[in-house]
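We name chains A, B, ... by the order of the sequence lines, and we start the count at 1 in each one. Worth knowing before you read on, the calculation uses all heavy atoms, side chains too, and leaves out hydrogens, waters and symmetry mates.
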2 protein chains.
Amino acid sequence: MRSVPNGVRARARAETTRAILDEARRQLAEHGAAALSLRSVAREVGMVSSAVYRYVASRDELLTRLIIEAYDAVGERAEAARDPAAPPREQWRAVWRAVRTWALEHPSEYALIYGSPVPGYAAPAETIPAAGRTALVLVAIIAEHGTPPDDDGDDGDADVLEDDVLPGLPPALAIPAVAAWTQLFGTVGFEIFGQYQNVVRDREAFLDRVADEAATAVGLPAEA
Amino acid sequence: MRSVPNGVRARARAETTRAILDEARRQLAEHGAAALSLRSVAREVGMVSSAVYRYVASRDELLTRLIIEAYDAVGERAEAARDPAAPPREQWRAVWRAVRTWALEHPSEYALIYGSPVPGYAAPAETIPAAGRTALVLVAIIAEHGTPPDDDGDDGDADVLEDDVLPGLPPALAIPAVAAWTQLFGTVGFEIFGQYQNVVRDREAFLDRVADEAATAVGLPAEA
DNA sequence: ACACGGCGAGAGCAGTGCTCTTGACTCTGA
DNA sequence: TCAGAGTCAAGAGCACTGCTCTCGCCGTGT
């Protein structure tokens with residue numbers, strides 16, 4: 001039996017990798033994505049730059065890992081914020097607020113995932129599932145409590161979205177759902193990126209209003 | 001009389017400046033903002049890197065100029081797309097589509113102004129007016145044709161937005177207007193930044209739906 | 001006619017991502 | 001037990017970046 005043999009190596013490797021990622025995230029938070037430098041990460045972790053390449057293939061791969069971690073972090077927050085026992089609109093608002101709070105706490109990471117893609121860098125496919133996590137929380141609320149509007153649309157809606165997204169959602173709510181998801185990140189993004197300077201004063205209140213408007217659009221019942 | 005004297009220098013200067021900006025925009029479009037390099041701009045324009053510093057103070061200032069030009073470009077498109085004689089919702093939709101079209105044609109420039117701010121770079125104040133240009137087109141349509149909803153809100157709205165933004169808009173429409181403006185760029189941004197991959201198939205149709213929803217929210221009369 | 005000032009060129013500094021080679025260290029299988 | 005395989009940190013080096021400073025050229029305004 002190979003008591004620890006390979007294990008000790010694997011463990012050391014995992015720890016070093018963790019240290020690199022942590023330091024990278026620290027620098028990302030402090031100086032932004034563009035200023036993230038493999039060399040300075042290496043310096044801070046206490047090794048020479050070339051050694052880092054044993055753990056992460058390239059700067060881009062490092063970014064990819066940070067992106068996935070960030071998606072997961074928002075998603076987790078969103079999931080945690082939702083109390084399935086609470087009234088629908090309260091769940092809804094809690095999730096919107098949670099996303100905003102996370103974004104304010106981690107603006108650089110938010111920019112990394114919802115801002116312009118780092119140029120010359122195409123987000124690889126493995127980020128897609130992580131990206132959907134937050135959206136699924138919204139969809140879950142809608143699926144459970146949303147009721148489609150009375151006025152039937154013009155039925156052209158069927159081809160607008162991809163098939164099989166938004167499982168368990170009434171078709172008439174699919175487009176409003178995607179619109180609401182967009183609105184959430186659009187609003188938070190505008191705040192984070194400074195577009196609301198000289199425009200919106202009370203951003204939290206504003207987000208609540210927008211969330212409420214969106215809640216109506218996806219057919220959540222009015223507040224008690 | 002100083003026939004051409006100062007004029008000839010000034011002209012040469014203006015031409016060189018133009019050439020630098022044009023080449024910079026070309027490289028921005030081709031490789032993205034982060035890959036924009038003063039040295040390579042200089043190389044392409046045919047001078048040495050240090051010389052371009054006579055025309056632009058820094059890479060950041062170059063970016064600032066490109067940002068302002070980009071804001072103006074979308075704004076101009078939006079203004080041109082609006083036919084004040086057309087039915088309100090048609091005007092509205094035309095503006096939304098125009099913004100989307102411009103964004104699809106100039107994704108890098110769109111990313112520059114509506115994506116994450118280039119890290120380590122704070123957009124200076126002089127970009128703010130240019131940024132508002134597109135918004136004003138939307139506001140104009142709302143101001144002329146929007147009617148506030150019947151259900152009076154809870155009046156807390158007064159403090160949410162800054163004073164004096166959105167001139168000539170009924171207070172009850174102010175928040176929906178900002179929300180609509182946000183929704184427009186949120187939706188276009190999500191498309192440009194690839195967030196709709198595997199989600200939205202027909203993006204133009206989707207934008208139309210969202211625009212229509214937003215039009216209702218800001219009280220534009222229903223289509224004839 | 002002349003001094004000033006704008007201009008382009010070049011060298012140079014400090015930093016970057018990334019590659020390749022070298023030497024040491026550790027774990028493993030016979 | 002011990003040689004060989006595999007892994008690792010380190011260093012040098014390449015090509016690139018933003019930016020500064022100094023040097024001469026030459027048009028310009030007085």
Side-chain angles (χ1 to χ4, degrees), chain A residues 1-21 23-24 27-28 30-66 112 117-122, chain B residues 1-21 23-24 26-28 30-66 112 117-122 124:
Chain A
M1 76 196 285
R2 32 163 85 199
S3 53
V4 210
N6 214 334
V8 78
R9 282 222 174 164
R11 176 135 108 212
R13 189 177 174 80
E15 274 171 16
T16 307
T17 306
R18 202 50 269 155
I20 290 174
L21 282 180
E23 174 59 25
Q27 293 198 12
L28 173 69
E30 194 158 353
H31 306 300
L36 183 109
S37 134
L38 261 178
R39 280 180 125 109
S40 85
V41 168
R43 207 159 25 214
E44 223 62 29
V45 167
M47 46 187 186
V48 91
S49 74
S50 56
V52 175
Y53 283 89
R54 301 235 172 239
Y55 297 88
V56 37
S58 65
R59 200 190 100 112
D60 278 7
E61 199 214 277
L62 180 59
L63 279 177
T64 300
R65 295 208 196 178
L66 293 177
L112 187 62
V118 181
Y121 162 85
Chain B
M1 79 196 283
R2 32 162 88 200
S3 54
V4 210
N6 212 333
V8 77
R9 279 226 174 160
R11 177 135 107 212
R13 188 176 175 82
E15 274 171 15
T16 308
T17 307
R18 200 54 268 154
I20 291 174
L21 283 179
E23 174 60 24
R26 217 190 50 73
Q27 292 198 14
L28 173 70
E30 194 157 355
H31 307 299
L36 183 104
S37 132
L38 259 179
R39 279 180 125 109
S40 84
V41 167
R43 211 161 17 209
E44 222 63 30
V45 166
M47 44 188 187
V48 92
S49 77
S50 58
V52 327
Y53 281 89
R54 302 252 177 227
Y55 298 89
V56 37
S58 68
R59 199 189 101 113
D60 279 5
E61 200 214 275
L62 180 59
L63 279 178
T64 301
R65 297 209 195 177
L66 293 177
L112 186 62
V118 181
Y121 162 85

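Using a 4.0 Å cut-off, no side-chain N or O of A:Arg43 falls inside it from OP1 or OP2 of D:dA10. The phosphate of D:dA9 (OP1 or OP2) has a side-chain N or O of A:Tyr55 nearer than 4.0 angstrom.
The interatomic distance linking B:Leu36 (CG) with D:dC16 (P) rounds to 16 Å, in whole Å. In this structure, B:Arg11 places its CZ atom 18 Å from C1' of C:dC7, rounding to the nearest Å. One can place CZ of A:Arg13 at 5 Å from P of D:dC8, the figure rounded to the nearest angstrom. The interatomic distance linking B:Glu15 (CD) with C:dC7 (P) rounds to 13 Å, in whole Å. Rounded to whole angstrom, the span from the CE atom of A:Met47 across to the C1' atom of D:dA9 amounts to 9 Å. Across the protein-nucleic acid pair, B:His31 atom NE2 and D:dC16 atom P stand 13 Å apart, rounded to whole Å. Per the geometry, OH belonging to B:Tyr53 stands 15 Å off C1' belonging to C:dG8, to the nearest Å. Residue A:Leu63 contributes atom CG, which lies 15 Å from atom C1' of C:dC18 at whole-angstrom precision.
Residue B:Arg54 places a side-chain atom within donor-acceptor reach of the base of C:dG8, judged by atom type and a 3.5 Å distance cut-off alone.
Using a 4.0 Å heavy-atom criterion, one finds that A:Leu62 contacts no nucleic acid atom at all.
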Listing time: all N or O pairs from protein to nucleotides 10-12 of chain C that are below 3.5 Å?
residue : atom : partner : partner atom : Å
C:dG10  : N7   : B:Ser50 : OG           : 3.4
C:dG10  : O6   : B:Ser50 : OG           : 2.7
C:dG12  : O6   : B:Arg39 : NH2          : 3.3

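Considering only the side chain of B:Arg59, D:dG18 comes nearest among C:dC18, D:dG18, C:dG8. Side-chain atoms of B:Ser40 lie closest to D:dT17 of the nucleotides D:dC8, D:dT17, C:dC18. Residue B:Ser58 places its side chain closer to D:dC19 than to any other of D:dT17, D:dC19, C:dG8.
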Under 3.5 Å, side-chain donor or acceptor atoms of residues 33-47 of chain B against the rest of the protein: list the pairs with distances, not counting sequence neighbours.
residue : atom : partner : partner atom : Å
B:Ser37 : OG   : B:Arg39 : N            : 3.2
B:Ser37 : OG   : B:Ser40 : N            : 2.9
B:Ser40 : OG   : B:Gln27 : OE1          : 2.6
B:Ser40 : OG   : B:Gln27 : NE2          : 3.0
B:Ser40 : OG   : B:Ser37 : O            : 3.3

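Taken to the nearest 0.5 Å, the CD atom of B:Glu61 stands 10.5 Å off from the CG atom of B:Leu66.
Among residues two or more places apart in sequence or in another chain, the side-chain hydrogen bond (donor to acceptor under 3.5 Å, both in side chains) test is passed with A:Arg54 by none. Take B:Arg13 and apply the salt bridge (charged side-chain N to carboxylate O under 4.0 Å, His left out) test, not counting sequence neighbours, and it matches no residue. With sequence neighbours excluded, the residues forming a salt bridge (charged side-chain N to carboxylate O under 4.0 Å, His left out) with A:Glu30 are A:Arg26, listed by chain and number.
For A:Val56 against A:Leu62, the heavy-atom pair with the smallest separation is CG2-N, 3.5 Å.
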Query raised in the report: Between B:Arg65 and B:Thr17, does a side chain to side chain contact (heavy atoms under 4.5 Å, CB included) hold up when you go through it step by step?
Result: CA-CA 11 Å; B:Arg65 297 209 195 177; B:Thr17 307; 3.4 Å; yes
